[in-house]
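Heads up, the thing below is written out as structure tokens.
Throughout, protein chains are lettered first and strands after them, A, B, ... in sequence-line order, and every chain is numbered starting at 1. What's counted below: heavy atoms across the whole structure, side chains too, no hydrogens, waters or symmetry copies.
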Number of protein chains: 2
Amino acid sequence: MSQSFTEENYLKAIYKLSRRSDKGVSTNALAERMETKASSVTDMLKKLAAKKLVNYEKYQGVTLSKKGQQIAVDIIRKHRLWEVFLLEHLGFSGEEVHQVAEELEHINSETLIDRLDKFLGYPKYDPHGGPIPDSKGVFPEPKRVKLDELEVGRKTKVMGITEHSDAFLSHLKKLGLELGTNFHLKERFDFDRSVEIELNGKTVQLSYDVAKNIFVSHNS
Amino acid sequence: MSQSFTEENYLKAIYKLSRRSDKGVSTNALAERMETKASSVTDMLKKLAAKKLVNYEKYQGVTLSKKGQQIAVDIIRKHRLWEVFLLEHLGFSGEEVHQVAEELEHINSETLIDRLDKFLGYPKYDPHGGPIPDSKGVFPEPKRVKLDELEVGRKTKVMGITEHSDAFLSHLKKLGLELGTNFHLKERFDFDRSVEIELNGKTVQLSYDVAKNIFVSHNS
DNA sequence: ATCTATTTTTAGACTTATCTAAATATTAGT
DNA sequence: ACTAATATTTAGATAAGTCTAAAAATAGAT
């Protein structure tokens, strides 16, 4: 069975919205995410339910079926692999990436995506730190952690960020932090959860708001 | 203005069918190419005409407008650039390439395609010898060479002739060779410099006197 | 427990791209 | 030039995805 782009986008949206609340996803939440009307969502949910891609009961919200989840995860795999390609090989940066990957993720060829995966060296994380599931839909063990959770004393490395505003990016740049930058976590101050790190011999302070948006490696 | 995938495919089909007959393209030819019905084609032609992408008059066939041609050429650019990527970087071969490129060609991002072009080293021809137009829609000058100098094994095309006698012209006609005819150079016989070519499934012998008077494409 | 506000669904309509079947125009053969 | 064959267009229907407006269900406040 095959899905339209629209159906795939609904499945992906349901997947993402399900992550942070193990209740079913509400029609309105989905409508907002999809930038459409609640009535349109209801129509689509009926269609997806008929295809057994979601579990849907009137007024009760929706969850993904096994099949629906597989499809959603596969789209995420494609999206993230394309992001790696765009960022690491085509020199994309910032916002453009996401927009283009949104289109590329719907290209429908197992061969293509497996070869792309190989070309990229079987990456386990995208440049924003998002884990990339393998061709069977299995996510890698996360051996990354947000900087606000790392133990004091560790030597570590920037693996990704979870905030992509220009303001944040330029702030990081000024601090000397970018993807792959190695540094040492010296101290954490409990009263505001800010941290002190050392990179390239310089000591730098990072607020909690900065630290919580930085993924760092947690090697063993 | 923006086009749907379907509209883009129609424009591309009209472009391709226009290449081989400078009359307008017939509804039926288009229907066959698009694997659809003539009535559907008529509907679409009206739509494209309303958008000023084609010149269409009832029963008179269709041609591309300037705008329509730009779009068609841009799709061909994208298609061929993706083919280069798939073949040279992802290790694709043969038929799969075309199918996947058919999907990729509709991805809609100037930035993406310009960066891909750069990544690939601004190729002028795809791996099948198809010329790749630049970002302004300009095709590269086709390099020409006399058939007696072409390397054995090449797929090529008649680009011109240097002898214009009736005798020569009618000889070519009988052999099935005319301007634009595609063929494959199978073998060259050293003792008389004659060549063996294959066109439309037929194997044909050409003497050196014939071969030296035919310009063929040499898409390096 | 009831009434109100919110959420969700239904009903009916629109658009895009398609189809079949019937009508009309063009072309070719004599 | 006329008819037969072919090509093309029209008319009316269908399916996907969307919308607005109205009805129905659920949740919240007292």
Are there over 12 heavy-atom neighbours, none belonging to E163(B), within less than 6.0 Å of that residue's CD?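 Yes, the 6.0 Å shell around CD holds more than 12 heavy atoms from other groups.
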
Above 12 or not: heavy atoms from other molecules or residues under 6.0 Å from CG of D192(A)?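 Yes, the 6.0 Å shell around CG holds more than 12 heavy atoms from other groups.
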
If you look at every strand shown and take non-hydrogen atoms under 4.0 Å, does [X] touch a base, only sugar-phosphate, or nothing?
X: S40(B); result: base
X: T42(B); result: base
X: F5(A); result: nothing

Using whole Å, what does the distance between atom [atom2] of nucleotide [N] and atom [atom1] of [X] come to?
X: L48(B); N: dT18(C); atom1: CG; atom2: P; value: 11 Å
X: N28(A); N: dA5(C); atom1: CG; atom2: P; value: 18 Å
X: K37(A); N: dA16(D); atom1: NZ; atom2: P; value: 23 Å
X: Y56(A); N: dA25(D); atom1: OH; atom2: C1'; value: 12 Å
X: K47(A); N: dT10(C); atom1: NZ; atom2: C1'; value: 15 Å
X: K58(B); N: dT26(C); atom1: NZ; atom2: P; value: 10 Å
X: Q3(A); N: dG17(D); atom1: CD; atom2: C1'; value: 16 Å
X: L30(B); N: dT18(C); atom1: CG; atom2: P; value: 11 Å

Notebook entry, point to check: Between Y10(B) and dT18(C), is there a side-chain N or O to OP1/OP2 distance below 4.0 Å?
Noted result: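 For Y10(B), the contact criterion (side-chain N or O under 4.0 Å from OP1 or OP2 of dT18(C)) is met.
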
Given dT16(C), is OP1 or OP2 found less than 4.0 Å from the side-chain N or O atoms of T6(B)?
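It does not, given that no N or O in the side chain of T6(B) lies less than 4.0 Å from OP1 or OP2 of dT16(C).
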
Item to complete: Record whether the side chain of S39(A) comes under 3.5 Å of the base of dT20(D) through a donor-acceptor pair of N or O atoms.
Response: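 Flag set: donor-acceptor pair detected.
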
Practice task
Quick one: closest heavy-atom pair of V84(A) and D126(A), and the distance?
Solution key: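 Closest approach of V84(A) to D126(A): CG2-CA, 3.8 Å.
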
**OP:** With DNA chain D as reference, determine whether A38(B) or S4(A) sits nearer its 5' end, using the nearest nucleotide of each.
**Re:**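 Per heavy-atom nearest nucleotide, the more 5' residue is A38(B).
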
Next on the checklist: Can you see whether N9(A) engages H106(A) through a side-chain donor-acceptor pair at a distance of less than 3.5 angstrom?
Outcome noted: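 Yes, side-chain donor-acceptor contact under 3.5 Å.
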
Closest to the [X] side chain, choosing from [options]:
X: Q60(A); options: dT8(D), dT26(D), dT18(C); value: dT26(D)
X: K46(A); options: dG17(D), dT10(C), dA17(C); value: dT10(C)
X: Y59(B); options: dG17(D), dA25(C), dC19(D); value: dA25(C)

Inter-residue atom distance K12(B).NZ - D74(B).CG, 0.5 Å rounding: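 Rounded to the nearest 0.5 Å, the NZ-CG separation comes out at 12.5 Å.
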
